[in-house]
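Have a look at this one.
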There are 2 protein chains.
Amino acid sequence: MRATIREVAREAGVSASTVSRALSTPDMVNATTRERVLRAAERLGYAPNRAARGLITGRTGNLGLIVPDLTNPFFPSVVKGVQAKAREADYAVFLADTDEDPAAEVGLVRALAKQVDGLILCSPRTREEEIRELTAHTTLVMVNRRFGTIPSVVFGNADGMRQAIAHLQALGHRRVAWVGGPRTSWSTRDRVRGLRAASSAAGMELFVAGHFPPYFEGGVAAADLIIASGVTSVIAYNDVMALGLLSRLRDRGVDVPQDISVIGIDDIQMSAMSSPALTTVSLAKDQAGRAAVDLLLTLLLQPDSVRNTRRELPTQLLVRGSTGVARTT
Amino acid sequence: MRATIREVAREAGVSASTVSRALSTPDMVNATTRERVLRAAERLGYAPNRAARGLITGRTGNLGLIVPDLTNPFFPSVVKGVQAKAREADYAVFLADTDEDPAAEVGLVRALAKQVDGLILCSPRTREEEIRELTAHTTLVMVNRRFGTIPSVVFGNADGMRQAIAHLQALGHRRVAWVGGPRTSWSTRDRVRGLRAASSAAGMELFVAGHFPPYFEGGVAAADLIIASGVTSVIAYNDVMALGLLSRLRDRGVDVPQDISVIGIDDIQMSAMSSPALTTVSLAKDQAGRAAVDLLLTLLLQPDSVRNTRRELPTQLLVRGSTGVARTT
DNA sequence: ATGAAAGCGCTAACAA
DNA sequence: TTGTTAGCGCTTTCAT
């Protein structure tokens, strides 16, 4: 067992409250006393029990983070960002992976809610009514999704799509296909919305191939539709799917970028390593994590600060080998 | 704010102690009273405050998990396994990513130690003295590493290497190269040890190419040495490096598996999706996570149960397209 | 079987 | 500036 505040108090020859103050509100205690206390604490290897502190302050110093599937390469970066920022603020983070099982989520959050000051929900497919229920339990911040008045951090999908379309257009493409992710995902809808706007503004013809699982296999499955559609370029919901696309296109003998240009979204590590390397709309995922923590902590300090309640992170097209000049049909 | 035990007590017309008993030790309370209490709790949406409970029981119901780098595809699976098993046991898990910064680790663990019942350390490169210091702070279980008497979960690297060598030998290979990971990593040493044993037992000539960063670039960097060495087969420390190898070999015009057979270790998702698909020694990472939790919980209940203090998980060679019959030199 | 009371480690009034 | 007191929500003696 570790030293308690009382032991430190005795060691320093002061009362427990003085120790508490010396540690939490240093300027409310005499400099020399504080020195003595700090030294005693050091000597005993004392660190306050956060649970006990939380019991009285009502704040735990903990954060909760909920993700649907950690093996999806999008999420680890977000988690890292959250981690890093939380640690800087001396917060610890509870992580829960719902395993793509939205049903588990509510129970999970209930359990977590007691132990955290706030929750970061990074879960594009949770049903809206469930989210609403969650807000009753704790302070919530959402990543990669907007819902009602809940503070959120999202990516500038519209601008990303605009960049992608501009790039394709500059390469001479006139027809582009969209390989969508899950129908229920907020970012699928946001991205296709941005894409529609961008392509119509640019006078590009858009072929929406439909919804596919957000995995490699989803991209594989979409590839044949793409080929049949006769487009010269395609944008996929995420990089993993784009890699699936690349794989199947190669198997079909369709050369990238000679015959078809391919663009992904996300900039996962693997996208730079495929051949051809994948042109992609890069998302600052760790920044999103950091921003979410930032937002949450601000919210906890001043619950009524409505400003900055949604933060939009920039996206950046990364041009690599999978896009090239349009073939002359 | 959530309902407290006292409110439930009032609602049920009993004392707080009775509520506590009805929830924690149901058979110590009259069946009908218990019914009444449970109903009241349900009605109020009551859930015990774990921090308060922990304050008195000394157990938090929380687990800590420390990983060096979540963007390394090895770790998310382990984390998922830990998560799943922990949740089954009604434990919540704190996750900390040390960002490959061993120095941060000790501080992190100190902070975490107060809030958890035990810690799972999944960090192959932490210095030994630091680990020793950590054991003073909390109950520790290690994954993918052995150290002293600390309970650990590891993979059967030796058997995995044996399988890999047997496979290559059956394909007619006589010379195999090893592309090692970080010098300081326990599993690098364990794997090369297993490989030495396996190859000498099989009468295979082993060329150790040295130590490389455990990333794609590490594999890329090693490729030219491999080509120059004249081996017909190569085993890499992990799949990510093997993919780097594949990439550079292709750039050099060396055909896989025609000219060189390549084997990875880990079976990350991407390994099945490369072309050629990567033959790899599969590690049951989520099982490792589950086993670690299992071990930890057992340890917490019966601290002196030395049996099962180290668990070794089986490995399984997955033969895919990157290995083939040895070229006739 | 149940209730009253004490106390886990800490902070926040309130006094001094 | 410091100490005393009370109490956060819960469990656990100890009575009854």
Side-chain angles (χ1 to χ4, degrees), chain A residues 1-38 40-41 44-62 90 92 110-117 137-138, chain B residues 1-38 40-41 44-62 90 92 110-111 113-117 137:
Chain A
M1 259 315 168
R2 285 290 272 286
T4 80
I5 200 173
R6 258 185 276 272
E7 306 183 63
V8 178
R10 180 146 34 84
E11 176 85 7
V14 297
S15 75
S17 352
T18 302
V19 176
S20 173
R21 280 189 280 254
L23 265 41
S24 308
T25 49
D27 33 290
M28 285 185 66
V29 57
N30 184 298
T32 67
T33 330
R34 180 180 40 207
E35 246 328 289
R36 196 145 35 92
V37 170
L38 260 33
L44 269 51
Y46 170 78
N49 181 324
R50 301 180 79 149
R53 174 184 286 177
L55 206 50
I56 181 157
T57 60
R59 299 177 66 260
T60 61
N62 296 149
D90 205 29
R110 280 249 186 100
L112 234 49
K114 313 286 281 217
Q115 310 197 67
V116 302
D117 296 336
H137 292 302
T138 186
Chain B
M1 260 312 172
R2 284 292 271 288
T4 80
I5 200 171
R6 258 184 277 273
E7 306 183 63
V8 178
R10 180 147 34 83
E11 177 84 7
V14 296
S15 77
S17 348
T18 303
V19 175
S20 173
R21 281 188 279 253
L23 265 40
S24 307
T25 49
D27 33 289
M28 285 184 66
V29 59
N30 184 295
T32 67
T33 327
R34 179 179 40 206
E35 245 330 288
R36 195 145 35 90
V37 170
L38 260 34
L44 270 51
Y46 171 78
N49 181 324
R50 302 180 78 149
R53 175 183 286 175
L55 205 51
I56 182 158
T57 60
R59 299 176 66 257
T60 61
N62 295 150
D90 204 31
R110 280 250 186 101
K114 313 286 281 217
Q115 313 197 65
V116 301
D117 296 335
H137 291 302

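Because the structure is a prediction, the values reported are computed rather than measured. A, B, ... follow the sequence lines: proteins, then strands. Residue 1 opens every chain.
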Item to complete: Whole angstrom is fine here: how far is it from CG in B:Asn49 over to P in D:dC8?
Response: 12 Å
Worksheet item: Once you round it to whole Å, what is the distance between C1' of C:dG7 and CG of B:Leu55?
Response: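 The answer, rounded to whole Å, is 9 Å.
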Worksheet item: What integer distance in Å separates B:Arg59:CZ from D:dT11:P?
Response: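 So the two atoms are 13 Å apart, to the nearest Å.
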Worksheet item: Between D:dC8 atom C1' and B:Ile56 atom CD1, what is the distance in whole Å?
Response: 13 Å
Worksheet entry | Spacing between A:Met28 atom CE and C:dA12 atom C1', to the nearest angstrom |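 Answer to the nearest Å: 9 Å.
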Discussion item. Can you see if the side chain of B:Thr33 gets near the phosphate of C:dT2 - specifically, an N or O under 4.0 Å from OP1 or OP2?
Written reply: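 Yes, within the criterion.
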Practice prompt. Using atom CG of A:Leu23 as one end and atom C1' of D:dT1 as the other, report the distance to the nearest whole Å.
Written response: 17 Å
Practice prompt. Calculate, to the nearest 0.5 Å, the distance between atoms CZ and OG1 belonging to A:Arg10 and A:Thr4 respectively.
Written response: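 If I round to the nearest 0.5 Å, the distance is 8.0 Å.
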Worksheet item: Side chains of A:Asn49 and B:Leu55: does their closest heavy-atom pair fall under 4.5 Å?
Response: yes
Practice prompt. Ignoring hydrogens and angles, answer whether the base of D:dG3 and the side-chain atoms of A:Arg21 contain a donor-acceptor pair closer than 3.5 Å.
Written response: yes
Item to complete: Specify the residue among B:Lys114 and B:Val29 whose closest nucleotide of DNA chain C lies further upstream toward the 5′ end.
Response: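 Closer to the 5' end of DNA chain C: B:Val29.
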Fill in: Rounded distance [0.5 Å steps], OG1 in B:Thr25 versus CZ in B:Arg34
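One gets 10.0 Å once the value is rounded to the nearest 0.5 Å.
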Discussion item. With a 4.0 Å limit, can you tell me whether B:Thr4 has a side-chain N or O closer than that to the phosphate oxygens OP1/OP2 of D:dC8?
Written reply: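 So the side-chain polar atoms of B:Thr4 never come under 4.0 Å of the phosphate oxygens OP1 or OP2 of D:dC8.
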Worksheet item: Just how far is it from atom CD of B:Glu7 to atom CG of B:Leu44, taken to the nearest 0.5 Å?
Response: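 Here the rounded value is 6.5 Å.
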Worksheet item: Which ones in residues 5-17 of chain B lie close to DNA chain C, meaning a heavy atom under 4.0 Å from one of its atoms?
Response: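 Heavy-atom contacts with DNA chain C come from B:Val14, B:Ser15, B:Ser17.
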Worksheet item: Taking CG from A:Asp27 and C1' from D:dT2, how many angstroms apart are they, rounded to a whole number?
Response: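 Atom-to-atom, A:Asp27 to D:dT2, this comes out as 15 Å.
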Worksheet item: Should A:Thr18 be listed as having a side-chain N or O under 4.0 Å from OP1 or OP2 of D:dG3?
Response: yes
Worksheet entry | Test side chain to side chain contact (heavy atoms under 4.5 Å, CB included) applied to A:Leu23 and A:Leu38, step by step | CA-CA 8 Å; A:Leu23 265 41; A:Leu38 260 33; 3.5 Å; yes
Worksheet item: Just checking, is any N or O donor in the side chain of B:Thr18 or B:Ser15 under 3.5 Å from an acceptor N or O on the other one?
Response: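 Distance-only check passes for B:Thr18 and B:Ser15.
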Worksheet item: Starting at CD of A:Gln115 and ending at P of D:dC10, how long is that distance when rounded to a whole Å?
Response: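 Atom-to-atom, A:Gln115 to D:dC10, this comes out as 13 Å.
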